[in-house]
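Heavy-atom basis, side chains included; hydrogens, waters and symmetry copies ignored.
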There are 2 protein chains.
Amino acid sequence: MVTLKHLAEQLSVSISTVSKALNNSDEISPDTIERVKALAKHLNYKPNKLAVSLKKSKTFTIGVIVPNILNHFFAKALYAIEMEATKHGYNIITCLSNETRSKEDNSLQLLSNGSVDGFILSIAEETQIKDNIEHINDILKQNIPIVLFDRVSDLIACDKVIIDDFGAAFEATEYLLKEGRKHIVLIGDIEELSVGKLRTNGYLKALEDASDYSSGPEILSLKRGESAEAQIESLLRDDNSIDGIIAIDNVSGVIALQKAIKHKRKVPKDLSIIGFSDENVLQFTDPKLSTVSQHTFDIGRASVELLLARLEDRTPKTHTTKTIKTKLILRDTTL
Amino acid sequence: MVTLKHLAEQLSVSISTVSKALNNSDEISPDTIERVKALAKHLNYKPNKLAVSLKKSKTFTIGVIVPNILNHFFAKALYAIEMEATKHGYNIITCLSNETRSKEDNSLQLLSNGSVDGFILSIAEETQIKDNIEHINDILKQNIPIVLFDRVSDLIACDKVIIDDFGAAFEATEYLLKEGRKHIVLIGDIEELSVGKLRTNGYLKALEDASDYSSGPEILSLKRGESAEAQIESLLRDDNSIDGIIAIDNVSGVIALQKAIKHKRKVPKDLSIIGFSDENVLQFTDPKLSTVSQHTFDIGRASVELLLARLEDRTPKTHTTKTIKTKLILRDTTL
DNA sequence: GTGAAAGCGCTAACAA
DNA sequence: TTGTTAGCGCTTTCAC
């Protein structure tokens with residue numbers, strides 16, 4: 001590895017001269033700067049990032065902790081985060097909590113030792129269910145900034161990026177009501193998460209507000225141990241009166257659609273389906289699923305922006321919660 | 001941030017004593033060790049990783065560069081890599097090339113300055129098409145080890161993890177032939193990649209070997225600018241004689257299946273479909289797609305193992321190419 | 001315009 | 001058993 005020292009020796013100048021020259025200091029003569037830069041280029045010199053970071057107490061690295069990268073939502077969020085971070089000259093260190101509190105805690109601990117300047121994090125399911133978020137607040141206490149996205153907690157005081165889950169589900173339900181649907185079922189496997197609760201409430205409120213809707217709310221809360229497909233298929237098979245489905249997680253909408261096709265239900269004539277997802281999750285169905293689009297790319301980008309603002313002291317002392325707009329995208333599974 | 005210096009001052013001992021105590025050196029008295037450790041724990045001391053890395057010239061960090069994280073194959077590979085790396089006490093810095101050579105090169109450059117101990121990389125499409133791999137060899141020349149996975153190149157001398165693409169496609173085609181299929185079409189959008197070529201050759205060889213197969217090979221090479229769905233749909237619509245499909249990329253198989261259902265083709269009675277993918281890509285179709293499973297998790301794990309072996313000097317001078325077994329998984333779209 | 005020296009936080013050879 | 005010192009590669013203040 002080529003170091004400043006090597007360059008200095010070759011050029012018979014001091015290390016500090018070389019350093020300054022490479023940083024275009026106006027203390028150094030143009031001539032020297034040129035000579036130094038020429039040799040640096042020739043020898044393919046690259047400043048050792050560890051040394052610079054150590055010296056400056058600044059790593060230009062963000063720790064990103066996501067619950068499950070096999071979930072397309074998080075994959076896309078990571079994509080957006082990486083793109084935006086790179087744009088600003090930051091690297092990302094990626095950790096996966098796999099929905100467990102222990103791994104989340106572990107990653108936080110392991111990176112909060114000078115490895116990263118801050119964190120972008122979506123809370124693990126286990127953490128959210130137990131509502132045990134001390135490990136996260138511990139990091140905050142050490143003055144390491146964190147931006148929470150999607151899955152957040154009121155018990156944590158930091159910057160956050162969310163979508164209007166309540167409003168989005170409300171709007172989707174309202175749409176089905178306007179279509180004249182009489183039996184709308186909500187399907188999901190994320191009732192325990194902050195976002196799941198909000199979406200469920202949005203659905204409930206919309207039904208409540210509908211004066212001419214006679215059947216009560218009906219929720220199929222998918223059980224973990226059992227096949228989601230079997231549960232959804234049996235729902236559709238057993239009850240022919242269902243004419244609307246709101247799927248509040250990533251995949252239930254697609255499953256419902258596949259089962260509806262299999263059982264020859266006319267979609268959307270006799271049955272409307274709206275899923276929750278980013279635009280291009282499981283995009284190859286025919287007909288195409290109507291969805292509440294989460295603008296995942298914007299979520300990731302906003303998270304990075306918020307964190308960098310915090311790191312560069314461009315933010316007020318108070319914490320920001322940024323809400324990314326959702327959009328109801330009507331494709332082929334709604335009228 | 002708590003440092004050794006803080007601990008040393010509080011305990012009125014030297015910094016090196018503290019350092020040694022924390023590392024359980026037998027130069028230090030049990031008593032001192034205990035006192036040091038107690039205070040360290042109390043103050044939540046964490047050794048600064050940058051300093052340790054700088055000192056030891058060892059970062060315990062792996063740079064992972066993948067072409068496209070929205071492709072489920074790479075998401076899963078990343079998942080496996082993160083899991084395995086974490087298990088061995090390594091972090092991963094993730095970079096996305098987005099299939100471009102420039103970003104791939106950039107990431108390599110930016111991390112080869114002491115940030116990582118080595119790389120795990122799958123070659124970007126642009127790099128593979130142009131067969132311009134000097135930037136990768138440059139890194140190798142600097143004695144930074146690289147493990148290539150999935151998309152590899154003969155022009156790069158390093159450890160590699162691949163699957164038997166030729167054999168897998170051969171086996172899949174053979175299976176359809178044994179089913180008695182008379183008109184088997186290959187669909188794909190990755191003919192330009194190393195893996196795509198190998199898979200295509202496997203298909204061709206299988207047809208060639210089949211004495212009683214009268215129609216020639218037929219390949220639908222999906223054009224980039226146009227909709228894959230439209231191209232596949234028109235194939236199926238225009239030619240009713242097609243009774244077998246081998247899809248060599250991640251998603252074409254699912255698209256073909258959806259279109260077949262839409263056009264009321266009996267699957268698998270009148271049309272067999274085999275896709276290429278990991279087990280749980282787009283898993284919610286009904287019927288379920290038969291696939292060549294790539295054992296993506298094993299690919300990721302093997303990549304980490306190979307790299308760590310190299311880093312820890314446990315490997316011979318020569319380079320290893322590890323081939324991960326594929327498996328033809330027959331689900332519902334084959335007889 | 002250039003260089004010496006201190007120091008970021010840590011490890012490790014050597015001295016006491 | 002403990003402490004001193006040098007040094008990883010870099011930046012930056014201060015002196016020349």
Whole angstrom value for the distance that separates P of C:dA16 from CD1 of B:Ile28: 18 Å

Donor-acceptor pair under 3.5 Å, A:Lys55 side chain vs D:dG9 base: no

Sugar-phosphate, base or nothing in reach of B:Thr3, heavy atoms under 4.0 Å: sugar-phosphate

Separation of C:dC10 P from B:Phe60 CZ (nearest whole Å): 16 Å

Length of the NZ-P vector between B:Lys5 and C:dT11, whole Å: 16 Å

Set of side-chain contact (heavy atoms from CB on, under 4.5 Å) partners for A:Glu27, sequence neighbours left out: A:Lys20, A:Ser25

Check: B:Thr100/B:Glu126 side-chain N/O donor and acceptor closer than 3.5 Å: no

Separation of D:dG3 P from B:Leu4 CG (nearest whole Å): 13 Å

Length of the line joining B:Leu50:CG and C:dT11:P, which is rounded to integer Å: 13 Å

Donor on one side chain, acceptor on other, A:Asn71 and A:Lys76, under 3.5 Å: no

Nearest-nucleotide comparison on DNA chain D, the residue closer to the 5′ end among A:Ile15 and B:Ser29: B:Ser29

Pairwise 5' ranking along DNA chain D for A:Lys20 and B:Thr17, keeping only the more 5' one: B:Thr17

Length of the CG-P vector between B:Asn23 and C:dA13, whole Å: 13 Å

hbond_proxy A:Ser14 side chain to C:dA4 base (donor-acceptor, 3.5 Å cutoff): no

Phosphate OP1/OP2 of D:dT11 contacted by A:Ser19 side-chain N/O (<4.0 Å): yes

Distance in angstrom units between B:Leu22 CG and C:dT11 P, rounded: 8 Å

Residue pairs, two or more places apart or on separate chains, that pass side-chain hydrogen bond (donor to acceptor under 3.5 Å, both in side chains) and touch residues 2-11 of chain A: A:Thr3-A:His6

Touch class at under 4.0 angstrom, heavy-atom based, for A:Asp26 against every strand present: sugar-phosphate

Modelled atom types, side-chain donor and acceptor of B:Thr59 and B:Ser53, under 3.5 Å: no

Closest to the B:Thr32 side chain, choosing from D:dT11, C:dG9, D:dT1: D:dT1

Length of the CD-C1' vector between A:Glu27 and C:dA4, whole Å: 13 Å

